[in-house]
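What follows is a short report on a single structure.
Side chains included, hydrogens not; waters and symmetry mates left out as well; all remaining heavy atoms used. Each chain gets a letter, A, B and so on, in the order the sequences are listed, and its residues count up from 1. Small disclaimer: the values here were computed from a predicted structure and weren't measured.
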2 protein chains.
Amino acid sequence: MQLWLDAVIMAVTADRPRVLTVLRGADGRPPAEALADSEREPAAPPLHGPLDALPFGPLDVAGDRTLEGGLRRHVRQQTGLELGYVEQLYTFGDALRDPAQADGGPRVVSAAYLALVREERPVAGDARWRDVYAFLPWEDHRVGRPSILDERIAPAATAWAAGAQGVGAPRPRDARGDAMAEHGERRERADIAFGFGTARWDDERVLARYELLYELALVAERARDDGAPAPPMDPPRAESLAEPGRGRKDDADAGRAMALDHRRILATALGRVRAKIKYRPLVFELVPPEFTLRTLQHTVEALAGMRLHTPNFRRLVDRGGLVEGTGHFEQATGGRPAERFRFRREVLRERRAPGVGLPTSGSARRPN
Amino acid sequence: MQLWLDAVIMAVTADRPRVLTVLRGADGRPPAEALADSEREPAAPPLHGPLDALPFGPLDVAGDRTLEGGLRRHVRQQTGLELGYVEQLYTFGDALRDPAQADGGPRVVSAAYLALVREERPVAGDARWRDVYAFLPWEDHRVGRPSILDERIAPAATAWAAGAQGVGAPRPRDARGDAMAEHGERRERADIAFGFGTARWDDERVLARYELLYELALVAERARDDGAPAPPMDPPRAESLAEPGRGRKDDADAGRAMALDHRRILATALGRVRAKIKYRPLVFELVPPEFTLRTLQHTVEALAGMRLHTPNFRRLVDRGGLVEGTGHFEQATGGRPAERFRFRREVLRERRAPGVGLPTSGSARRPN
DNA sequence: ACGACTAATACTCACATTGAGGTTAAGTGG
DNA sequence: CCACTTAACCTCAATGTGAGTATTAGTCGT
């Protein structure tokens, strides 16, 4: 058995959440020629070719005293980055995660970690920063609800719910109407995950959404894992990241694929960040030591994928004791100069859950 | 490398949080004679002898398709229990966790899981239910702040903070006064963990408190791991559980030890439960399908280790849509009959964080 | 210099939530 | 039938939250 250590390294740059990736084959193996191939034929549908992967590597049972230490080592070696804030995310151990295992390869279990940094230098090797929402485009609601939700996902979910047979373990219920119950459960699950019907969009259910899309076969990984020839969606365009992307255009597809189950891990990480930012002062790992409230708000908004009411955000963070003014002012780019603030470490003693609470009702996105 | 699967199986019975344990040596090895020994000499200080351990076992890389499946299998085999609600807790991989590893044994990583059940039959083999607060007595504040906090822990913490040298990694600060800064950090850490000084008691910081007690050498595991001869505390009394325990008497010692690092895992589990109960309807895994609001409240109080304001709890849970009346009534034991309620599953669709929120300020324990 | 524009900050207000207290209702046991 | 016990209900003040509006202090263009 082998233990792999996977790193989801996130930053927020220019109001976009970013993740550090390396290039790997779909099976996770590092083909030396991967980089070169990718540069030569960027238009080839990258289903099995070089894909974005999270930095990862095996635990060195002799050398690594701690799992986190081993993770830092791998990240250092693969990307040249020295991590600061790191926390454990989840340990993935399903036998079917890795196609190679089906061929009798060794059993692999992955311990995934989340790290928050500030984006720096165009890091070493084949490491590069990617927009998180290139992989999870349905998660960004800052300029409105992405059209893919109602145009492509909703119909697919409806068909999936309607097509429910009495398959799977029937619940201990009345024998009559098992299919109906199954139908209702599927409908309910989709509604809750994506905020269809009367249900509200919950920014934290990132993993539930990805898993449902996998089940609906709307993400490329599903086709790949099934060994199917073509994905039931537009192949992710190799350089959609480079284009600024006008409005909701990028939503047309179900996001860029990643190697192995790394996109699922990324979804887990985003969900964790969105949840934890509300009760722990995580944001401050992502902004410089001194920052304007605008920067802070935009950073939170980038992660949450929704916009906030500015005066309320200020009240929360300032009156709530999370930050204090420094007396220094930003030279404005076209408006009143903003004061720079710093994190008040003392808040950890005073407040129980010192986070930047997003609207609890979930509906309180800023009218836009 | 070997992956172990550890199970923290919790229940709440007679208003006491319980955990399912098996008997093992301090090194985790299952001595066949452990049970017999324990029965014969219950007074022997159980530092290396048979100790309470969490049910655990290795992942079967060939047979277990999922980690959770492997866990359920081990629990079934060792305790005869079929688990319901299960979630992953944390993966522990430090090289020094297991004394055996120091002797060149194989590297062991443990994936710990939390399961919530209703306590049943006096389960199979050497499995038995134990009070959680026998291991973590400083966590139960239902009948007041445990005296051990201010009588034994506070002085030890003060000495520890005062004795801070400039050891450890000095922070990037002014060179002058590193020892002072270190002192302040230790003081701050202890204050926040235990609610000393102006800091408030935070029920969720269970792990932080256990780790600090380990550092203060107030728990027996520390002495054991150091290879020291005697623990700097009263040896845990073997049958303190059997005694009803009058008032705060049990707080005199720093709790019963467990095998390996299982007490740390238990602390992690309790912290997780306390946090999650506030935003997920976990409690309902611990009570029968129909229950009185009194039972529900006592169950929450048992886990949180603090008492709640009854009318407010009722308002939260009833008006908040978490439960609905059944029209059935409990035959009273000496008072007005209470209606039995059931969990309203629909709440998952309606509310974003359907938990039984404890007082957010933390100070709102019921005046007692 | 001045007015349009932009961004930062301040103020207001209705409403929901929360912590804490008291009051009434419906049983049991002497 | 009266004392006691527990359930269920109601009230109230304080605080927090969502949302809208106003003022301040700069930049930029003419």
Side-chain angles (χ1 to χ4, degrees), chain A residues 15 200 278-279 290-298 301 304 306-341 350-368, chain B residues 15 200 278-279 290-298 301 304 306-341 350-368:
Chain A
D15 299 346
R200 273 192 285 267
K278 287 162 195 155
Y279 61 92
E290 290 195 7
F291 46 83
T292 66
L293 294 185
R294 169 175 241 258
T295 302
L296 194 66
Q297 179 180 346
H298 283 346
E301 288 177 342
M306 49 173 53
R307 309 196 64 175
L308 303 175
H309 186 78
T310 306
N312 289 350
F313 180 81
R314 158 179 300 276
R315 177 176 61 190
L316 196 71
V317 103
D318 189 6
R319 296 258 241 283
L322 248 79
V323 300
E324 60 192 355
T326 61
H328 311 151
F329 286 81
E330 199 81 1
Q331 35 258 38
T333 51
R336 174 174 173 175
E339 185 169 6
R340 282 201 295 264
F341 288 75
E350 301 157 1
R351 282 180 53 189
R352 211 187 113 84
V356 286
L358 306 185
T360 51
S361 65
S363 68
R365 211 171 338 132
R366 184 165 73 181
N368 157 269
Chain B
D15 299 347
R200 272 192 285 267
K278 288 163 196 154
Y279 62 92
E290 291 195 7
F291 45 83
T292 65
L293 295 185
R294 168 175 241 260
T295 301
L296 195 66
Q297 179 180 348
H298 283 344
E301 289 177 340
M306 49 173 56
R307 309 196 62 174
L308 302 175
H309 187 77
T310 306
N312 291 349
F313 179 81
R314 158 179 300 275
R315 177 176 59 190
L316 195 72
V317 103
D318 189 7
R319 296 259 240 284
L322 249 79
V323 301
E324 61 191 355
T326 62
H328 312 151
F329 287 80
E330 199 80 2
Q331 35 257 40
T333 51
R336 174 174 172 175
E339 186 170 4
R340 283 201 295 264
F341 288 76
E350 302 158 0
R351 282 180 53 189
R352 211 188 112 86
V356 284
L358 307 184
T360 52
S361 65
S363 68
R365 211 171 336 133
R366 183 165 73 181
N368 163 264

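Atom-to-atom distance recorded for Glu290(A):CD and Thr295(A):OG1 is 11.5 Å, nearest 0.5 angstrom.
Along DNA chain D, the nucleotide nearest to Asn312(A) and the one nearest to Leu293(B) differ in position, and the one closer to the 5' end is contacted by Leu293(B). Closest-nucleotide positions on DNA chain D for Arg319(B) and Thr292(B) were compared, and the one nearer the 5' end corresponds to Thr292(B).
The distance from atom CD of Glu339(B) to atom C1' of dA7(D) is 10 Å, rounded to the nearest whole Å. To the nearest angstrom, P of dC9(D) lies 6 Å from CZ of Arg314(B). Rounded to an integer number of Å, the gap from Arg340(A) CZ to dA7(C) C1' is 16 Å. The nearest whole Å value for the distance from the CZ atom in Arg315(B) to the P atom in dA7(D) is 18 Å. For Arg294(A) and dG26(D), the CZ to C1' distance is 14 Å, given to the nearest whole Å. Here dG27(C) presents its P atom at 8 Å from CZ of Phe329(B), a figure rounded to the nearest Å. Between the CD atom of Gln297(A) and the C1' atom of dT9(C) there is a distance of 13 Å, given to the nearest Å. Following rounding to the nearest Å, Phe313(B) (CZ) and dT18(C) (P) show an atom-to-atom distance of 13 Å.
Between the base of dT24(D) and the side chain of Arg336(A) there is a donor-acceptor pair shorter than 3.5 Å.
Set against dA26(C), dT17(D), dA20(C), the side chain of Pro337(B) has dA26(C) as its closest nucleotide. Among the nucleotides dA7(D), dT9(C), dG22(C), the one closest to any side-chain atom of Pro311(B) is dG22(C).
Scanning all heavy atoms of the two residues, the minimum distance from Glu339(B) to Thr326(B) falls at OE2-N, 3.5 Å. Between Phe313(B) and Leu308(B) the shortest heavy-atom distance is CD1-CD1, 3.7 Å.
Looking only at distances, no side-chain donor or acceptor of Glu330(B) sits under 3.5 Å from a matching main-chain atom of Arg340(B).
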